[in-house]
Amino acid sequence: MHTTPQQLSAIARRVRRQIVEMIGAAKSGHPGGSLSAVEIIVELFYDAMRIDPKNPAWADRDRFILSKGHAAPALYAVMADLGYPDAPPDQLNTLRKFGSVYQGHPDVRFMPSIDASTGSLGEGLSIGLGMALVARLDARPWRTYVMLGDGEIQEGQIWEAAMAASFHKVDNLVAIVDYNGIQLDGFVKDIMEIAPVAEKWRAFGWHTIEIDGHDWAAIHDALHEAENTKGRPTCIVAHTIKGKGVSFMENNPKFHGMAPTPAEMELALKELQ
Amino acid sequence: MPARPKFELKPGPATREAFGHALVELGRENKDIVVCDADLSKSTMTAFFANEFPDRFFSFGIAESNMAAAAGGMAYAGKIPFIASFSAFLVNKSFEQLRVCVAYPKLNVKVVGTHSGISIGEDGPSQMSVEETSLACSLPGFVVLCPADDVSARALVRAATIHVGPVFIRTGRPKAPGIYPEGTQFEIGKAVEVVAGSDLTIITNGLLVAEAIRAAEALEAEGVSARVVDMHTVRPLDREAIRRATRTGAIVVAEEHLVDSGMGVRIAQAVAEIEPCIMEFVGIHDRYAESGQPFELLDKYGLVARDIAATARKALARKR
């Protein structure tokens with residue numbers, strides 16, 4: 001690990017504050033699923049992925065697809081922190097506003113450093129599969145990481161892609177399920193049960209690892225294990241807490257898709273000191 | 001002066017077969033071309049490519065949505081992916097993926113629908129595509145092509161490869177009468193006047209170009225000079241060709257598609273903007289077809305030379 005867990009935790013706290021501020025300023029957005037994804041996205045961008053934020057078009061960079069595109073604030077905050085040229089830190093609070101590069105969902109037209117436009121759930125794993133097939137065809141070393149929501153895997157296309165990825169043996173593809181247990185209408189188990197999740201991925205031929213998605217060492221080790229897994233793709237089922245880091249947002253379906261009020265934002269930022 | 005067909009109709013291969021051969025030729029020239037199919041490669045003729053370039057051919061099984069989005073991923077990574085299936089499945093089933101994973105980021109994906117229209121024949125309506133021109137044309141940035149014969153199909157597949165951006169190509173199952181001599185040049189967005197004429201203009205594409213030529217011959221015998229224009233590019237339309245057509249005072253649009261959502265309504269919009277003109281339409285009217293031989297169906301559903309000529313007479317009567 002190039003970055004220590006203490007350093008990563010400091011970054012994660014910074015990113016969480018930014019998420020709350022951005023969504024608060026936008027007065028709309030998805031705090032819960034942005035906060036649950038923070039450790040995974042931070043670990044990927046600050047440690048696991050071979051990327052060069054100063055040279056985002058580097059052909060051999062690892063790719064990251066935020067298939068759960070509504071967690072865009074987490075991605076934007078990380079990209080701004082890392083100094084991507086099209087992610088100006090001083091404009092983060094223009095999220096979702098007219099004219100902002102920080103569109104409601106990731107949009108390559110506004111931010112070419114993003115690897116794929118997403119937002120319509122269920123499609124990012126297929127995009128990642130296409131990328132992984134190209135990397136292998138061209139015998140290039142880059143890897144593709146796709147972050148999925150747990151509610152998102154209710155989409156049938158996810159399983160078309162899951163079937164095809166193991167059939168094509170793309171071991172350079174990693175899916176990460178942000179298993180926070182909540183979707184827009186409520187708890188996943190009440191809307192459309194997806195359990196048992198790991199068993200489903202295993203049945204589709206994926207090397208599957210279950211971890212605590214807020215544990216740096218667990219995320220690091222799982223990504224490392226994925227890289228060393230040959231002949232099949234890896235799925236990391238990351239158990240997370242929706243709204244992680246802000247007590248009144250944690251496990252609260254209300255904050256799937258609702259911005260904090262100014263008072264709530266102040267409270268949240270205090271907790272994230 | 002009587003209208004005279006510039007080209008003699010002769011038996012020719014299906015446009016899907018032309019596509020399959022063109023793809024192999026292009027694959028030899030351009031290593032960035034990759035091809036994806038959804039368990040219909042023997043019918044879409046991508047099997048020719050698969051045989052010669054197995055590494056660059058990807059089987060997606062019967063899962064069109066995943067295939068379309070994966071093609072987006074391949075294009076993001078710098079390839080020129082062709083995805084093929086029956087039009088009915090490819091466009092309808094993966095419309096959402098073509099929207100978000102291809103059109104919206106404006107990726108260089110080539111979407112080739114085969115077995116389009118009702119001339120797929122015996123398989124019946126579940127396999128017949130009579131809506132997809134409308135769907136493809138509704139996607140911003142998409143070029144939409146519908147070649148008439150072997151020569152034009154091969155030329156337009158090549159043009160689609162050179163064009164940077166998403167393209168939908170509508171091809172057919174049955175053998176298509178040969179219209180153009182080998183080597184004829186085609187340009188995206190530039191319609192071809194197949195038969196010269198001055199009393200009215202028949203604008204058509206695909207399999208109906210041959211029917212329109214026959215209709216023009218029948219009209220010629222009645223002393224009517226009908227122009228026939230092959231509008232092989234439905235999007236973007238050749239507005240200059242449409243402007244010239246309005247000057248003949250009457251336009252008939254003929255297409256193997258639902259008449260109220262295909263090329264005809266798009267041309268009517270252009271006509272309304274350019275110069276109002278009498279228009280009549282030949283197409284499928286608000287219904288699904290049935291099993292049968294291709295030309296039995298074209299005959300029953302009003303898409304043959306007889307129907308085009310009758311519609312032309314109606315337009316001429318309104319003109320006078």
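We name chains A, B, ... by the order of the sequence lines, and we start the count at 1 in each one. Quantities reported herein were computed from a predicted structural model and do not represent experimental measurements.
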Where Ala69(B) and Gln157(A) come nearest, the two heavy atoms and their spacing: CB-NE2, 3.3 Å
If we count only N and O atoms by modelled type, under 3.5 Å, do the side chains of Ser126(A) and Gln97(B) hold a donor and an acceptor together? no
Does atom [atom1] of [X] have more than 12 heavy-atom neighbours, drawn from other residues, nucleotides or ligands, at distances under 6.0 Å?
X: Lys31(B); atom1: NZ; answer: yes
X: Lys190(B); atom1: NZ; answer: no
X: Asp286(B); atom1: CG; answer: no

All pairs passing ring-ring contact (aromatic ring centres under 6.0 Å, His included) where residues 77-99 of chain B contributes a residue, at least two apart: Phe86(B)-Phe89(B), Phe86(B)-His115(B)
Quick check against the 3.5 Å criterion: does Tyr76(B) have a side-chain atom that pairs as donor or acceptor with the backbone of Ser117(A)? yes
Quick check: does any side chain N or O of His168(A) sit under 3.5 Å from a backbone N or O of Ser59(B), one acting as donor and the other as acceptor? yes
Close contacts, residues 104-116 of chain A versus chain B, judged by heavy atoms under 4.5 Å: Pro106(A), Asp107(A), Val108(A), Arg109(A), Asp115(A), Ala116(A)
With respect to chain A, which residue among Gly61(B), Ala63(B), Ala77(B) yields the maximal number of heavy-atom pairs within a distance under 4.5 Å? Ala63(B)
Just so I understand: if I count every heavy-atom pair under 4.5 Å between each of Cys101(B), Pro81(B), Cys36(B), Gly78(B) and chain A, which residue has the most? Cys101(B)
At a heavy-atom distance under 4.5 Å, which candidate from Ile158(A), Leu129(A), Leu137(A) has the highest pair count against chain B? Leu137(A)
Rounded distance (nearest 0.5 Å) linking atom [atom1] of [X] with atom [atom2] of [Y]:
X: Phe60(B); Y: Phe167(A); atom1: CZ; atom2: CZ; value: 10.0 Å
X: Asp55(B); Y: Leu133(A); atom1: CG; atom2: CG; value: 12.0 Å
X: Glu123(A); Y: Arg99(B); atom1: CD; atom2: CZ; value: 7.5 Å

Start with the C-alpha gap between Asn66(B) and Met163(A), add the side-chain angles, then the distance that decides, and say whether side chain to side chain contact (heavy atoms under 4.5 Å, CB included) holds. CA-CA 10 Å; Asn66(B) 179 46; Met163(A) 195 186 294; over 6 Å; no
